[in-house]
A.B. asks: 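The structure that follows is given in the form of structure tokens.
Because the structure is predicted, anything quoted here is derived from the model rather than measured.
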Amino acid sequence: MIDLTEDLSQLVHSLERTRPDTGRGWVILFTAPNRHAGLSLITREFARLAARKSQRGVWLYDLDFLANSQYRAFAAPGMVRKFGPPGAPLDASLNKDAFWKFDNDTDANSALTLHRVGRSRLFVSRFNARAAAPGTRIKVRAAHDYWEAVRDVVDLAVIDAPSPERSRAGFALYGEADAVVFVVDGTEKSAEQAHVLAEEVEARGGLPAGLVVNQLARPRRAA
């Protein structure tokens, strides 16, 4: 199991120092310019570390609705032995129009649930795609009231938004987050791609706030 505690603790501390002292929670979106940067691992470890100091909780949202990779990671035997199993489902809708919907107007609010990880203050999302008829598409949309409600009940919401190479799901949420962090694989090309993506984030009302270089994701060079 990879331990990124030391590497990401500094990021948690740095972002906490920039957090507005409003007494409310805030929302950080993690994304990557390409699919090889190890985005989900970095996002998961950041959320786990942030939850250590949290009083009201950290909610980790996975926008890869069909794969539920974050929930599956915490449900894996090794993670369960270390942190405890994901708990019973909790309603994530907060009685607001959610940021997810089905394209056939089926009620989708109950499709996303949150699960407490062991006895920690970290909660991970899980999407039930079976809540809609086969062939139904899932859409991500801006939902200002929803995220304002989230800020009222948690210390931090962390969004794992897939690379645009895989999905445009994060595009609608760039402007909803208080900060956007990019994960890159340490190559010059990845850094250039992150710069282009940062411009896209700003164009959609988002605030680029940092760059994480995931050295573990660097491609191996030929001997």
Side-chain angles (χ1 to χ4, degrees), residues 4 7-22 24-51 54 58-65 69-70 92 98-100 112 122 124-125 139-151 154-215 217:
L4 298 173
D7 294 331
L8 288 176
S9 292
Q10 184 176 354
L11 176 63
V12 173
H13 179 67
S14 297
L15 288 175
E16 283 179 343
R17 288 191 303 173
T18 65
R19 176 179 178 175
D21 187 17
T22 61
R24 304 182 70 215
W26 63 326
V27 180
I28 299 179
L29 185 146
F30 280 72
T31 190
N34 62 64
R35 66 181 68 197
H36 307 297
L39 169 66
S40 290
L41 173 63
I42 297 298
T43 307
R44 179 167 60 251
E45 287 300 288
F46 176 88
R48 185 180 65 81
L49 290 173
S54 173
V58 173
W59 291 2
L60 172 57
Y61 290 88
D62 187 351
L63 298 191
D64 192 351
F65 290 146
S69 59
Q70 294 290 10
F99 67 88
W100 64 91
L112 189 75
L122 175 62
V124 61
S125 72
K139 293 184 177 181
V140 175
R141 59 183 178 177
H144 180 75
D145 290 346
Y146 177 84
W147 294 110
E148 285 296 287
V150 168
R151 291 180 178 94
V154 302
D155 288 324
L156 176 64
V158 180
I159 303 171
D160 179 356
S163 160
E165 285 187 350
R166 296 186 56 234
S167 168
R168 294 174 62 89
F171 281 42
L173 301 185
Y174 291 159
E176 301 280 10
D178 297 301
V180 177
V181 176
F182 306 99
V183 179
V184 298
D185 61 17
T187 63
E188 183 177 347
K189 180 179 179 181
S190 185
E192 292 172 350
Q193 291 172 329
H195 178 74
V196 173
L197 184 55
E199 292 179 343
E200 179 72 34
V201 167
E202 290 181 322
R204 293 176 180 270
L207 176 64
L211 190 73
V212 177
V213 180
N214 182 11
Q215 299 290 352

A.B. asks: Under 6.0 Å between the ring centres of Tyr61 and Trp100?
C.D. replies: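 No, the ring of Tyr61 stays outside the 6.0 Å limit from the ring of Trp100, centre to centre.
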A.B. asks: Is there a donor-acceptor pair under 3.5 Å between the side chain of Asp185 and the backbone N or O of His36?
C.D. replies: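 No: the side chain of Asp185 does not pair with the backbone of His36.
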A.B. asks: Looking just at side-chain N and O atoms, do Ser69 and Asp62 make a donor-acceptor pair shorter than 3.5 Å?
C.D. replies: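 The answer is yes; a qualifying pair exists.
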A.B. asks: Taking the side chain as C-beta and beyond, is there a heavy-atom pair between Tyr174 and Leu197 under 4.5 Å?
C.D. replies: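 A side-chain contact under 4.5 Å exists here.
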A.B. asks: Charged N to carboxylate O under 4.0 angstrom, Lys189 versus Glu192?
C.D. replies: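 Judged by the 4.0 Å cut-off on N to carboxylate O distance, Lys189 and Glu192 do not form a salt bridge.
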A.B. asks: Looking only at atom types and distance, does a side-chain atom of Asp178 sit under 3.5 Å from a main-chain N or O of Val27, one as donor and one as acceptor?
C.D. replies: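 Yes, the answer is positive, given that a donor and an acceptor are paired below the 3.5 Å cut-off.
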A.B. asks: For the residue pair Glu200 and Phe171, what are the closest heavy atoms and their distance?
C.D. replies: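 Glu200 and Phe171 have their closest heavy atoms at OE2-CE2, 3.8 Å.
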A.B. asks: Mind listing the closest non-hydrogen atom pair of Pro33 and Ser190 along with its distance?
C.D. replies: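 Minimum heavy-atom separation between Pro33 and Ser190: CG-O, 3.6 Å.
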A.B. asks: Looking at CD1 of Ile159 and CH2 of Trp147, how far apart are the two atoms once the value is rounded to the nearest 0.5 Å?
C.D. replies: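 It is 3.5 Å, given to the nearest 0.5 Å.
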A.B. asks: Could you please spell out the steps behind the side chain to side chain contact (heavy atoms under 4.5 Å, CB included) verdict for Leu112 and Phe65?
C.D. replies: CA-CA 9 Å; Leu112 189 75; Phe65 290 146; 4.3 Å; yes
A.B. asks: Which distance, rounded to the nearest 0.5 Å, do you find between the CG of Leu207 and the CD of Glu202?
C.D. replies: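 Going from CG on Leu207 over to CD on Glu202, the span is 8.0 Å.
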A.B. asks: Looking at Tyr146 and Ala92, what are the two nearest heavy atoms and their distance?
C.D. replies: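 Looks like OH-O, 2.7 Å.
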A.B. asks: Spell out, as yes or no, whether a donor-acceptor pair under 3.5 Å connects the side chain of Arg24 to the backbone of Val150.
C.D. replies: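 No; zero donor-acceptor contacts below 3.5 Å.
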A.B. asks: Identify the heavy atoms of Leu39 and Ser163 that sit nearest to each other, and give their distance.
C.D. replies: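 Nearest heavy atoms, Leu39 then Ser163: CD2-N, 4.3 Å.
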A.B. asks: How about Leu63 and Ser167: do any of their side-chain heavy atoms sit closer than 4.5 Å?
C.D. replies: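 Sidechains of Ser167 and Leu63: no contact.
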A.B. asks: Measuring only between side-chain heavy atoms, which start at C-beta, is Asp160 closer than 4.5 Å to Asp64?
C.D. replies: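 In short, these two side chains do not touch, never coming nearer than 4.5 Å.
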A.B. asks: Test side chain to side chain contact (heavy atoms under 4.5 Å, CB included) on Ser40 and Gln70 and set out the steps.
C.D. replies: CA-CA 7 Å; Ser40 290; Gln70 294 290 10; 3.7 Å; yes
A.B. asks: Please step through side chain to side chain contact (heavy atoms under 4.5 Å, CB included) for the pair Thr31 and Phe182, ending with a clear verdict.
C.D. replies: CA-CA 5 Å; Thr31 190; Phe182 306 99; 3.8 Å; yes
A.B. asks: Step by step, would you call Val201 with Leu29 a side chain to side chain contact (heavy atoms under 4.5 Å, CB included)?
C.D. replies: CA-CA 11 Å; Val201 167; Leu29 185 146; over 6 Å; no
A.B. asks: Working to the nearest 0.5 angstrom, can you tell me the gap between Leu156 CG and Ile28 CD1?
C.D. replies: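 Between atom CG of Leu156 and atom CD1 of Ile28 there are 5.0 Å.
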A.B. asks: Should Phe46 and Val212 count as side-chain neighbours, where that means a heavy-atom distance under 4.5 Å?
C.D. replies: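 Counting from C-beta outward, Phe46 and Val212 never come under 4.5 Å.
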A.B. asks: So, the side chain of Glu176 versus the backbone of Ala143: is there a donor-acceptor pair under 3.5 Å, distance only?
C.D. replies: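 Indeed, once roles are kept as given, a pair shorter than 3.5 Å links the two residues.
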A.B. asks: Examine distances only and state if a side-chain atom of Arg166 and a backbone atom of Arg35 form a donor-acceptor pair shorter than 3.5 Å.
C.D. replies: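 No, Arg166 side chain to Arg35 backbone: no donor-acceptor pair under 3.5 Å.
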A.B. asks: On a heavy-atom basis, which atom in Gln193 and which in Asn34 lie closest, and how many Å separate them?
C.D. replies: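 So the two residues come closest at OE1-ND2, 2.9 Å.
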A.B. asks: Could you report the tightest heavy-atom contact between Asp155 and Ser54, atom names first, then the distance?
C.D. replies: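 Smallest interatomic distance, heavy atoms only, reads OD2-OG, 2.7 Å.
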